[in-house]
Amino acid sequence: MRSPPPRSALGSAAILDPRPGAPALRLSRAFLPTLKETPAEAQIVSHRLMLRAGLIRQTAAGIYAWLPAGLRVLNNVARIVREEQDRAGAQEILMPTIQPAELWQRSGRYDDYGKEMLRIRDRHEREMLFGPTNEEMVTDIFGQFAKSYRDLPRNLYHIQWKFRDEVRPRFGVMRGREFLMKDAYSFDLTQQGAQHSYRQMFVAYLRTFARMGLKAIPMQADTGPIGGNLSHEFIILAETGESQVFLHRALLAFDALRDTPDTDADLSHITDFWTQHYAATDEKHDEAAWNAIPEEDRVSARGIEVGHIFYFGTKYSAAMGMTVAGPDGTPVHPEMGSYGIGVSRLVGAIIEASHDEAGIIWPESVAPFRVGLLNLKVGDATTDSLCADLYERLRANGVEVLYDDREERAGVKFADADLIGLPWQVIVGPKGAAGGMVELKRRKGGERHELDRDSVLERLIG
Ligand code: 5CA
């Protein structure tokens, strides 16, 4: 057996505390099934690219399995959603996917929900359902504990799979039947309190989508089967969107939120900017208000709904018989709101907003890996050892890297790297490697730099 090399031979990076957890993967051993051909069933670009880049596989109409690279993106999206919910003071729980029908009979929605609800019978002939949303269940759970106004306000959320038996599932994960949703539910003593909770979520949503590189615009919307009379949809403009939307051009000049406002005045300051300018989906479109906007400021476009927030007062607390004792002892039905984000839909929406002819362009915050390392001549001693060295050092420093060590032509590797869309590509060819040089390419914009080994590491580890 050979003894390990002396520590100094490992170079400076090895002295750093290695993060063995930093996921790295060799493409030769990965389950990352890319497709050259465009799948015939996919009508929109995000669906095509998700199939071609090996992110998902359909298992039934509107139902998808998430493959390793796709799951990494889905988890990154969920992580950002979770961080911003926590920051806004919401607390994470996890409710089940399967619910007893009895809860929905109490709210009166069991019959109203119709064919979109997947109904199930267990072995004891009890009626169950696969949850399309959780207003009833969360009201029942929280209602059993909240006894006094001192137990309010609270905001509880979960990230859980939903099922809606959509008439026309389409566009891949955009309109699925089974899909991952973040749904939050707020309970307040007063209307004023509920409005504060609503504003907190409104602002948390702006931050959440901005962190994913998206310009999501809040718009007045129809409340549909959730109910209530105040709601905003958060819409990303995209030609392939299912919603027709109308907005004032001023809303397109975006300012990503950096601070975390908490006081009502700070929150209102932000929400007022959005609500003072016209923005509505077609169900809420008001021709008179629209015509009052100077023609050059009117933008009518298609959009994708990535989030939807609702204030519906005591609709569910009253129906489910939830009360707390108010300050003077009288029982009060809490004021409620619910706040949804389409976590799985967002993966498709991000691709709609960020791609080119060659493939996906992932924002760094959600990319399945940050770096793709391309060995253009597997078997050549110099490129192999330079790649092995870069791979180990990136890994050891916590950089997520996908190493293309397959015995494939350079053209295939370039095409797959662009298709998969990792933010950075480190390209190692035999000529450059002989002189200790590699190429660093940024996927977005395509700029390239010739760099030596240490400079490339410095840039990526930074
Ligand atoms: N209970 C409320 C808020 S928690 C609710 O269910 N709202 S919702 O119906 O508007 O759904 C919330 C979000 O889930 C939507 O904004 C959308 O982004 C996503 N969503 C809804 N239906 C689907 C679907 N069929 N496929 C993928 N995502 C969906």
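Order of appearance sets the numbers: ligands from 1, and atoms from 1 within every ligand. Below, all heavy atoms of this structure are taken into account, side chains as well, without hydrogens, waters or symmetry copies.
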* Asked: atom 4 (S) of ligand 1: which protein heavy atom is closest, and how many Å away?
  -> D183 CB, 3.2 Å
* Structure fact -> among protein heavy atoms, the one nearest atom 7 (N) of ligand 1 is F310 CE1, 3.4 Å
* Are any of the side-chain nitrogens in R175 or E166 under 4.0 Å away from the carboxylate oxygens of its partner? -> yes
* Structure fact -> Counting heavy atoms under 4.0 Å, the part of V306 that contacts ligand 1 is backbone
* Asked: In terms of ring plane angle, is the pair F234 and F202 parallel, tilted or perpendicular, where the classes change at 30° and 60°?
  -> perpendicular
* Y391 ring centre to R395 NZ or CZ under 6.0 Å, with the angle to the axis within 45°? -> yes
* Asked: In terms of the angle between their ring planes, are H232 and Y198 parallel, tilted or perpendicular, with boundaries placed at 30° and 60°?
  -> tilted
* V173 near ligand 1 by a heavy-atom separation under 4.0 Å -> yes
* Counting only heavy atoms, which portion of R177 has something under 4.0 Å from ligand 1: side chain, backbone, both, or neither? -> neither
* Where ligand 1 meets E135 - atom numbers and elements under 4.0 angstrom, heavy-atom basis -> 1 (N), 2 (C)
* Around atom 19 (C) of ligand 1, find the nearest protein heavy atom and jot down its residue, atom name and distance. => G342 CA, 3.6 Å
* Asked: Of the choices S338, G340, A349, which has the non-hydrogen atom that lies closest to atom 2 (C) of ligand 1?
  -> S338
* Are R207 and E84 ion-paired here, with the side-chain N under 4.0 Å from a carboxylate O? -> yes
* Tell me which protein heavy atom sits closest to atom 6 (O) of ligand 1, plus the residue, atom name and distance to 0.1 Å. => R164 NH2, 2.7 Å
* To do: Say whether T133, considering both its backbone and side-chain N or O atoms, lies within less than 3.5 Å of an N or O atom on ligand 1.
  => yes
* Side chains of V324 and L152: closer than 4.5 Å at any heavy-atom pair? -> yes
* **ligand 1 atoms in contact with Y339 (distance to a heavy atom under 4.0 Å)** => 3 (C), 4 (S)
* Find out whether the Lys NZ or Arg CZ of R119 is both under 6.0 angstrom from the six-membered ring centre of Y110 and within 45° of the ring's axis. => yes
* Asked: In terms of ring plane angle, is the pair W290 and F246 parallel, tilted or perpendicular, where the classes change at 30° and 60°?
  -> perpendicular
* To do: Under 4.0 Å from a heavy atom of G307: give me the atoms of ligand 1 that qualify, with their elements.
  => 16 (O)
* Heavy-atom nearest neighbour of atom 15 (C) of ligand 1 within options E305, H308, R168 -> E305
* **Region of E166 engaging ligand 1 - heavy atom pairs below 4.0 Å** => side chain
* atom 20 (N) of ligand 1: the protein heavy-atom neighbour that sits closest, reported with distance to 0.1 Å -> F179 CE1, 3.5 Å
* Can you tell me the protein heavy atom closest to atom 27 (C) of ligand 1 and the distance? -> M174 O, 3.3 Å
* Examine ligand 1 and decide if any of its atoms is less than 4.0 Å from a heavy atom belonging to K162. => no
* Would you say G176 touches ligand 1, if touching means a heavy atom closer than 4.0 Å? -> yes
* To do: May I ask you to decide whether D405 forms a salt bridge with R29, counting only side-chain N to carboxylate O separations under 4.0 Å?
  => no
* Identify, for atom 11 (O) of ligand 1, the protein heavy atom at the shortest distance, and state residue, atom and that distance. => M181 CE, 3.4 Å
* Protein residue, atom and distance nearest to atom 17 (C) of ligand 1, heavy-atom basis -> R345 NH1, 3.5 Å
* Euclidean distance, R154 CZ relative to F142 CZ, rounded to 0.5 Å -> 5.5 Å
* In plain terms, say whether R106 and E102 are close enough for a salt bridge, that is, a side-chain N and a carboxylate O under 4.0 Å apart. => yes
* **D165/K115 salt bridge by N-O under 4.0 Å criterion** => no
